[in-house]
Novice: 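Below you will find the structure I want to go over with you.
Chain A is the first sequence line, chain B the second, and so forth, proteins listed ahead of strands; every chain is numbered from 1. Only this structure's heavy atoms are used, side chains among them; waters, hydrogens and symmetry mates stay out.
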Amino acid sequence: MSISKISVRYAKALFQAAQEAGKSDEIYHDVKLMFETCLIPEFYFMLNTPVAKPSMKNEIIQSIFTGKVDQISLNFLELVTKNKRESVLKNIARNYLKLHQKFHNIKDVRLVTSVVFDEKTIQGIITAVEKGLNSKIELSKTIDTGIIGGFILKIENTQYDESISSKLLEIKRQLLEPAQS
Amino acid sequence: MAGIKPGEVSEIIKQKLQGIESQVQLEEIGTVIEVGDGIARIYGLNNVQANEMIEFQNGVKGIVLNLEEDNVGAVLLGLSEGIKEGDTVKRLNRIASIQVGEGLLGRVINTLGEPIDGKGPIPGERYEMPLERKAPGVIYRQPVNEPLQTGIKAIDAMIPIGRGQRELIIGDRQTGKTAIAIDTIINQKEFYDKGKPVFCIYVAIGQKGSTVANILRTLDEHGALAYTVIVTATAADPAALQFYAPFAGASIGEYFRDSGRPALIIYDDLSKQAVSYREVSLLLRRPPGREAFPGDVFYLHSRLLERAAKIINSDTIARQMNDIPESIRHLVQGGGSLTALPIIETQDGDVSAYIPTNVISITDGQIFLESNLFNSGVRPAINVGISVSRVGGNAQIKAMKKVAGTLKLDQAQFRELEAFSKFGSDLDAATMSVLEKGRRNVEILKQGQYAPFRVNQQIAIIYCGTKGLLRDVPVNKIKEFEREFIDFLEAKHASIMQTLAEGQLTDEVIKVLENSAKEISAGYKK
C-alpha cells in the first residue's frame, strides 16, 4: 500500500488514542521526540535496514524510549515494529504533528535569520504573527549566514522572503532576462 | 574620443538598477523529504496542481506529477545534485509551458524552450503555450483533403499522407526511418520558396548529441532550416525532459496550426519517449503493467497524437476552439493543420510488442520499413504490402490518383508471382510481362537520400511504369532512363509539367508523356 496512506492512517489512530486517554499534549511531545530521533542518521538507518530482525528493532526502540515517553507511545512503537512499518515512522510522526497542530490551532512558524535576533525583537515577531493569524504559534529559529541579511519567515506552507540573498537573485534574474524586441 | 565621465556611467547604471522591482510577496512553499533518481518527494505545497511548475532553492525547476495524501511527487528538470532533504520548494503558479514564436524557426531548443545552439536568445514576440493541452474537439476539425508531399515516390504514390494526418514510420534500427522524415522536411523547401511554407518541427528524443548535430547540418545544407525548429532532449538529459519533449514540439506545432498555417511534426522516436516515461513512472511508484510500462502509456501517446489535426476552414468556428491559450487567442485562424510523423523503433521486426501496437492503433496508417529490403538495395526500404494510409487517399492530387491507382495492386501481384517463379523456369508470356513490369516498378520506386521528387516528376515517371512504357529499357538502366526522361520533359515540355503539377492529366499531357517515353526508350533498345 502507498506509504502516504499508511502514515496518515497510523497517525490518525494514535491521535484518537491520545484524545481518548486525555493525554493529547503528552503524546504530542512524545511524537516530537520520535521525529527528532528519526533525524539521527544511525537511528533512521536502523529503522530502514532489512537485515535487523523486527524483534531486535523493537528492543532497541524500547530501550531508547522507555522512561522518556508515555505508555501509549511505547505501545504504539511496539505495534509499528510488530506490523513492520517502522520504516515509515518518520512520516507517521510528521503527519501526527500536523494533525495535532491543526486540531489545536497551532501554527508552525520558522524564522531564518543571518544573525541572532534579540529576545525583544523575537517576542515582537511572535506577538505580531499570533495577532495576525489569530492562533498560537510554535516558533523555531535557524541561523543561516547564506541569506546575507534580512530574514525569511515561514508560516506553515507560505513564506515571506525578506532576505538580501533572494533580492540579489531577483535583480540578477531581471538583468539577465532576454530583452523582448 | 569624447570624454566619458565616470559619474555619468554610474548614474545610468543606478537608473537601470532602480528600475528593477523587488516585490516581496507571500510564496507557497514545501519541504523536500526525499530526492534522488531525478524525482523528489515534497511535504507541504498543499494547493499545488498536477503539472504545475515548481522551483527548488538552487533554481532547478520541476513538474508536479503525483499528488498523494501527505506528499507531492515531482520530476526534476535538472540535476538532483545540490538539492537536499529539508530544502525549500516554491510554487511558480503556472503549469508547465513553453514560449513559442516565429523566432524559433531555424533554432535548436530544449524541452523548456531555451535555445541551445549558441545563437543567443530567441528574438521576436513570444507566446506562452502550455505543454499539455486538450486536442481540438470534433466540430473544430475537418477531414484531411490536402496532400502533404514527402517527395518520396513510393510514399506519395502508394501511401499518400494528407495534411493533418498521423502516419507512423516504423521499422528496425538502420532501416532509414529518420531518413524518410528528414527527406520530407527537405521536400517542404519547394513550398517555402513559393511563399506557402509548411513549418517543420523535428523532435529528437533520447538521441545522441552527435546525431542531432548531423541532422542540423544536413537541414542547413539543404536550406531547410529556415522553416524548421529542432526540439531536442538528448540521451544525457533527465528523463523528464525526454518524455516532455514531444509535448513541447506539439505546442510549437499548435501555434502554427491555430494561426491558420500548415505544420509538420516529427517525433523521433516515441519508443524512447515511452522508456523515459516508464522510468519516471516506476520511480514515482506507479504500478507497472505490461512490459513494466505504466497503465497510462497508451493515453500518453494518444493524447499527444490527437493534437495533430486539420482545423476547420471557417475562422469564426475556429476561434471558438476549446482550450486556446489566452496568449494566442487574437491570432487564431481556421484552415491550419498539424501533420504528425511519429517514429517507432522495433526490435527484430516485432510489431506486436506493446508500444508498436499501441501507436499503430492510434495513427491513421503506417509506413513499414524492413531491413531485408534495405539490405537488398531497395531504398527507401518500404514494405508496400503492409504499409497503409487510412485517410491520405482523399488528399492525393487527381493526376497522381489516376496514375498510381493500380501501382499498389500491381506490385502485390508481382511479389506473389515472383515467389512462384523461383520454382520453375517455364513461364507463359502474361506472367513474364507482369514480372518484367514489376521489376521495373521496383527500380522506379527506389530513390536516393536527400533527393526529393516534385509531384509532377513523380507522376511522369510512375505513368511510364504503370503503363508499361519501359518494356524496352533494361532493368539496370531504369535510373538512367528516369534522369534522362525527367530532364527532357523539364527542358522541352515545361508547360506540360506545369499542368501536371496542378493535378491535371489531360489527353495532351498523356500524349506528350507517351511520345517522350517512346523516343527516349528507343535509345536503350538492344
Novice: Under 4.5 Å from any heavy atom of chain B, what part of A:R94 do you find: side chain, backbone, both or neither?
Specialist: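 Contact with chain B: backbone and side chain both.
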Novice: Can you tell me which portion of A:S166 sits under 4.5 Å from chain B's heavy atoms? Options are side chain, backbone, both or neither.
Specialist: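 Neither part; nothing is under 4.5 Å.
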Novice: Can a cation-pi geometry be assigned to A:K141 and A:F117, taking NZ or CZ under 6.0 Å from the six-membered ring centre and within 45° of the ring axis?
Specialist: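 Geometry flag: not set, cation outside 6.0 Å or 45°.
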Novice: Quiz question: by atom type and distance under 3.5 Å, do the side chains of B:R286 and B:N66 form a donor-acceptor pair?
Specialist: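 Yes, because at least one side-chain N or O of B:R286 sits under 3.5 Å from a partner of the opposite role on B:N66.
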Novice: Looking at B:N47, B:N46, B:N71, which one has more heavy-atom pairs under 4.5 Å with chain A than the rest?
Specialist: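 Top option by heavy-atom pairs under 4.5 Å: B:N46.
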Novice: Using modelled atom types and a 3.5 Å cut-off, is there a donor and acceptor pairing between side-chain atoms of A:S87 and backbone atoms of A:L47?
Specialist: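 Not at all, since once roles are kept as given, no pair shorter than 3.5 Å links the two residues.
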Novice: So does B:T234 get a backbone contact from the side chain of B:D237, meaning a donor-acceptor N/O pair under 3.5 Å?
Specialist: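 Between the backbone of B:T234 and the side chain of B:D237 there is a qualifying donor-acceptor contact (under 3.5 Å).
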Novice: Considering only heavy atoms, which portion of B:I33 lies under 4.5 Å from any heavy atom of chain A: side chain, backbone, both, or neither?
Specialist: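 It is the side chain, since no backbone atom gets that close.
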